[in-house]
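Working notes, beginning with the structure itself.
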Amino acid sequence: MARTLTFSLDGASYAASPTKVDRKKLYGWTQTVALDDAGRECTLASMDGSGTFIIPLGGAGLGVLGPDKQWVERSSLKAVTLDGADAPLLASSFDAPVDLARTVTADALLDCNIVSVYELEDGQALAAALGDRIVAFDYVYRAGYTSNRAFVLASDGAAFMLVGYKNEFEFVGLTQVDAIEEPEDGDEADDSDDIDFSMF
């Protein structure tokens, strides 16, 4: 059963279930299949660092080792801030009403890399209340320590939720370029004398 988000907008409450829009249905997809000489499909395998052992697909994984080189269970790990204090646990957006009080511009949406698009089922009333506005909130799928940027907007009478993260553009300034000094008459030298063929 789809989980339901409750949105609060202009003093009214709206319940809607996000359904992921399959990008394959929108854009299609391609698939590359590797075959051997007999026409059989190949399976992916890897080799260890020494090139001695063949590791089949699914035969390797990631683990966490402590300072004593012993295996650490992920359940025993905890998130901390830069000063070493326990990081605050963020509640899931499904656990409490989401306040849609932050209206943003289209530029704020375009500054983000959208990774998931959801249609909000039964969101016609929310779409009507939104009008042409784009509202943003911090989306947390399950309780954790990080959140994603989410935008809610309306199109053709339906409400949509777009989830992604802000692109961090680093400004590269223009450095001071020295002026090129033009040689004065009589200062031009014959560069052919400066070539040392022994360098070749």
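Annotation: side chain to side chain donor-acceptor pair (under 3.5 Å) contacts of N167 (sequence neighbours excluded): none. Here S155 pairs with F160 under the side chain to side chain contact (heavy atoms under 4.5 Å, CB included) rule; sequence neighbours left out. Judged as a salt bridge (Lys or Arg N to Asp or Glu O under 4.0 Å), and not counting sequence neighbours, the contacts of D138 are R102. Contacts of Y141 classified as ring-ring contact (aromatic ring centres under 6.0 Å, His included), with partners at least two apart in sequence or in another chain: F94. By the side chain to side chain donor-acceptor pair (under 3.5 Å) test, D156 pairs with no residue at all, sequence neighbours left out. Residues meeting the side chain to side chain donor-acceptor pair (under 3.5 Å) test with S75, sequence neighbours left out: none. Residues that satisfy the salt bridge (Lys or Arg N to Asp or Glu O under 4.0 Å) test with D86, not counting sequence neighbours, are K78. The salt bridge (Lys or Arg N to Asp or Glu O under 4.0 Å) check on D10 picks up R133, with sequence neighbours excluded. In this structure, the side chain to side chain donor-acceptor pair (under 3.5 Å) partners of R40, at least two apart in sequence or on a different chain, are D36.
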**Request:** Could you please spell out the steps behind the side-chain contact (heavy atoms from CB on, under 4.5 Å) verdict for V72 and L77?
**Result:** CA-CA 8 Å; V72 177; L77 300 176; 3.7 Å; yes
**Request:** Go through V21 and Y118 one step at a time and tell me if the side-chain contact (heavy atoms from CB on, under 4.5 Å) criterion holds.
**Result:** CA-CA 5 Å; V21 177; Y118 298 88; 5.9 Å; no
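Between V98 and S93, the shortest heavy-atom contact is CG2-O, 3.7 Å. Of all heavy-atom pairs between W71 and L62, the closest is CH2-O, 4.3 Å. Heavy atoms only, all atoms of each residue included: G123 and A159 are closest at O-CB, 3.6 Å. When all heavy atoms are compared, the tightest approach of I54 to P56 is O-CD, 3.6 Å. Across every non-hydrogen atom of G157 and A127, the tightest pair is O-CB, 3.7 Å. Closest approach of T6 and S13 over heavy atoms only: CG2-OG, 3.3 Å.
Once rounded to the nearest 0.5 Å, the distance linking CG of L9 with CG of D99 reads 8.5 Å. Here the straight-line distance linking atom OG of S17 with atom CD of E119 works out to 11.5 Å at 0.5 Å rounding. Taken to the nearest 0.5 Å, the CG atom of L90 stands 14.0 Å off from the CZ atom of R142. Of the inter-residue distances, the one linking T4 atom OG1 with L120 atom CG reads 10.5 Å to the nearest 0.5 angstrom.
Hydrophobic clustering keeps V117 apart from V135 (ILVMFWY residues linked when any side-chain heavy atoms are closer than 4.5 Å, directly or through intermediates). There is no path of hydrophobic side-chain contacts, each under 4.5 Å, that joins F137 to V140. In the hydrophobic clustering of ILVMFWY residues, with side-chain heavy atoms under 4.5 Å counting as a link, I134 and L126 come out apart. The cluster map of Ile, Leu, Val, Met, Phe, Trp and Tyr, joined by side-chain heavy atoms under 4.5 Å apart, puts L110 and V104 in different clusters. Neither L162 nor L5 shares a network with the other; the hydrophobic side chains, linked directly or stepwise wherever heavy atoms of I, L, V, M, F, W or Y lie under 4.5 Å apart, form separate groups for each.
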Can you give each donor-acceptor pair under 3.5 Å made by side-chain atoms of residues 63-70, sequence neighbours left out, with the distance rounded to 0.1 Å?
from, atom 1, to, atom 2, distance (Å)
D68, OD1, Q70, N, 3.2

Which atom pairs, donor and acceptor, lie under 3.5 Å between side-chain atoms of residues 144-154 and protein residues at least two apart or in another chain?
none

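Side chains of S92 and R3 form a contact here, defined as non-hydrogen atoms less than 4.5 Å apart. Under the 4.5 Å side-chain criterion, counting only non-hydrogen atoms from C-beta, S8 is not in contact with Y14. L57 has its side chain out of reach of T43: every pair of non-hydrogen atoms, C-beta onward, lies at least 4.5 Å apart.
Here L35 sits in one hydrophobic cluster together with V33; the rule is ILVMFWY side chains under 4.5 Å apart, joined directly or through other members.
Side chains of D107 and T105: a donor-acceptor N/O pair is absent below 3.5 angstrom, by distance only.
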